[in-house]
Every structure is written in C-alpha cells, then in structure tokens.
Amino acid sequence: MKKVIYPGTFDPVTNGHVDIVRRAVELFDEVIVTVAKNPTKTELFSVEERIEMLKESMKGFPTVKVDSFGGLVVDHARQVGAVGIIRGLRAVSDFEYEFQMALMNRKLADDIATILLMPHARYTYLNSTIVRNLAAFHGDVSGFVPPFVEKKLKEKFPKKSL
Ligand code: COA
C-alpha cells in the first residue's frame, strides 16, 4: 500500500492542483491532500473552508483523502505513513524552490521521497493568488477552479447592488 501526501496552501484549490492529483492517483494507492496551516501567508479562506473546497473538488477520486497539518511536512508524512511528498512543478521558475525544499526534507527524513509532477501546460501560469485577484474584481474564474470553488469565491466577493 503506497501512500503519499500532497501538501500546499490551497487558498483556494485550482484546476492545476486537481490535475496534479489526477496524475498522482494513477501512481499511488492513496493520496492525502493536506492543507498547510501556514502562518507566513495571508489567507483568504480558513483552513476549514479550504478543506471543504478540496473535499468537493476530489469527489471523483475515491483514493484521495483530505486533511490538514501544522509543523513540518515530513512529520505529517511520517504520522500518516506516507512514503513520499507530491509537489507540482509548473515551470522552471518553480524548480529552485522545490529542489531546495526537497533536499531539506530529505535531510530531515531520508526515508520520505519527494515526487515532482508536471501539470498540463495550460496550468503553467496559474496560481491561487491570480485566482483570488481575478475573483476580487469579479473576473470569470470558471476555467481555473472547480465549480464549487467558483461558488465560494463569489460568496467571498459578492457583487454590490448598484
Ligand atoms: N496549479 C496551480 N497552482 C499551483 C500548482 C498547480 N499545480 N502548484 C502550486 N501552485 C501554486 C499555489 O496555488 C500557490 O499559489 P499562491 O502562492 O499564489 O497561493 C503557490 O503555487 C505555492 O504553492 P503551495 O503548494 O501552496 O506551496 P507553498 O510554498 O505555499 O507551501 C508547503 C508549501 C506548505 C508544502 C511548505 O511551506 C511546507 O512544507 N511547510 C511546512 C513547514 C516545513 O516542513 N518546512 C520545511 C520544508 S523546507
């Protein structure tokens, strides 16, 4: 039984993240998408809201679970019995950061591998900040996030009646 975790901020989950999960479920028996309780980032959605959006977005994948973690990602991987950490690599610009993080995580836990997966090229420019900005100005996010996330973004940024 090969289990991996896919950690991230997921504020909110995008179609790019879903694309990575779709690839990971082909390779591993169980994928745990795990929300980082990350105090260094200013977040739009609470951890509970991000978990809810992830659960909705992962409904088509029976081998995916969703949870959250605080502290070190390798400690969480160990706690749930994961053999590795999935990360997405969208462009060369992601590489240095991911490489550094992978080597540090290996130093901390040599038995936990980092697996870098590339999403479809159509998601190379996508991130959660762009989605949040677009939604804040009532732009169309339907091509970038699952329908439930689009609904939640509309609730966060309601159009004021004139
Ligand atoms: N599609 C679309 N966007 C993607 C994506 C994909 N496939 N993959 C990543 N992104 C975006 C995210 O939306 C996010 O966008 P944002 O910055 O605009 O919000 C950005 O890329 C960063 O990705 P994310 O996966 O959320 O990484 P992060 O750098 O915020 O957090 C953690 C990474 C949580 C895994 C890391 O900080 C961590 O492990 N923290 C715990 C502490 C620890 O163990 N530290 C030691 C490691 S050295």
Side-chain angles (χ1 to χ4, degrees), residues 3-28 31-47 49-51 53-54 57-58 60-61 64-80 82-137 139 141-150 152-153 156-157:
K3 199 188 282 188
V4 286
I5 62 168
Y6 177 29
T9 312
F10 303 111
D11 187 34
V13 56
T14 68
N15 288 342
H17 295 123
V18 177
D19 185 274
I20 294 288
V21 170
R22 190 170 57 75
R23 292 166 200 279
V25 295
E26 297 294 327
L27 301 171
F28 298 97
V31 177
I32 303 173
V33 184
T34 184
V35 175
K37 298 173 187 164
N38 187 351
T40 60
K41 276 192 169 179
T42 312
E43 282 138 9
L44 174 65
F45 292 102
S46 68
V47 171
E49 287 173 313
R50 285 180 273 153
I51 288 176
M53 287 185 284
L54 276 166
S57 308
M58 299 301 156
F61 303 113
V64 172
K65 284 186 181 155
V66 179
D67 71 3
S68 64
F69 77 104
L72 292 176
V73 72
V74 290
D75 288 343
H76 188 60
R78 281 232 175 88
Q79 214 165 11
V80 299
V83 296
I85 299 166
I86 298 282
R87 294 286 294 166
L89 204 57
R90 289 161 297 169
V92 176
S93 51
D94 279 346
F95 181 76
E96 205 164 305
Y97 173 61
E98 294 301 334
F99 188 60
Q100 200 175 23
M101 202 153 64
L103 291 184
M104 177 53 81
N105 283 332
R106 185 194 277 169
K107 180 101 185 132
L108 295 170
D110 199 25
D111 53 327
I112 311 268
T114 294
I115 303 105
L116 298 176
L117 295 177
M118 273 75 72
H120 192 284
R122 75 171 77 102
Y123 301 122
T124 48
Y125 61 92
L126 190 59
N127 65 35
S128 300
T129 302
I130 285 177
V131 166
R132 290 195 303 272
N133 284 343
L134 198 56
F137 295 108
V141 295
S142 59
F144 308 124
V145 295
F148 184 76
V149 177
E150 185 185 357
K152 287 285 170 187
L153 282 165
K156 281 277 179 203
F157 301 109

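Counting convention: from 1, in listed order, for ligands and their atoms alike. Computed from a predicted structure; not experimentally measured.
- Residues that satisfy the side chain to side chain donor-acceptor pair (under 3.5 Å) test with E43, not counting sequence neighbours, are R50.
- I86 has its side chain out of reach of I5: every pair of non-hydrogen atoms, C-beta onward, lies at least 4.5 Å apart.
- Set against the non-hydrogen atoms of Y97, the atoms of ligand 1 under 4.0 Å away are 28 (P), 29 (O).
- Within the 4.5 Å cutoff, the side chain of I85 has no heavy atoms near those of the Y6 side chain.
- When heavy-atom distances to ligand 1 are checked against a 4.0 Å cut-off, N105 comes that close only through its side chain, counted from C-beta outward.
- Side chain of D94 to backbone of L89: no donor-acceptor contact under 3.5 angstrom is found.
- Residues forming a salt bridge (charged side-chain N to carboxylate O under 4.0 Å, His left out) with K152 (at least two apart in sequence, or on another chain): E52, E155.
- Remark: distances from the non-hydrogen atoms of R87 to ligand 1 include one below 4.0 Å.
- Using a non-hydrogen distance threshold of 4.0 Å, G88 does not register as a contact of ligand 1.
- Summarising the geometry, atom CG belonging to D110 is positioned 11.5 Å from atom CG belonging to N105; distances are rounded to the nearest 0.5 Å.
- Scanning all protein heavy atoms for the shortest distance to atom 13 (O) of ligand 1 gives S128 OG, 2.7 Å.
- Of all atoms in ligand 1, numbered sequentially from 1 with element shown, those under 4.0 Å from a heavy atom of A36 are 34 (C).
- Numbered from 1 in the order shown, with element, the atoms of ligand 1 that lie under 4.0 Å from a heavy atom of V73 read 39 (O), 43 (C), 44 (O).
- For ligand 1, the atoms closer than 4.0 angstrom to any heavy atom of G71 are 41 (C), 42 (C).
- In summary, the atoms of ligand 1 found under 4.0 Å from a heavy atom of I20, numbered by their order in the structure, are 7 (N).
- Atoms of ligand 1 lying under 4.0 Å from any heavy atom of M104, numbered from 1 in the order shown and given with element: 48 (S).
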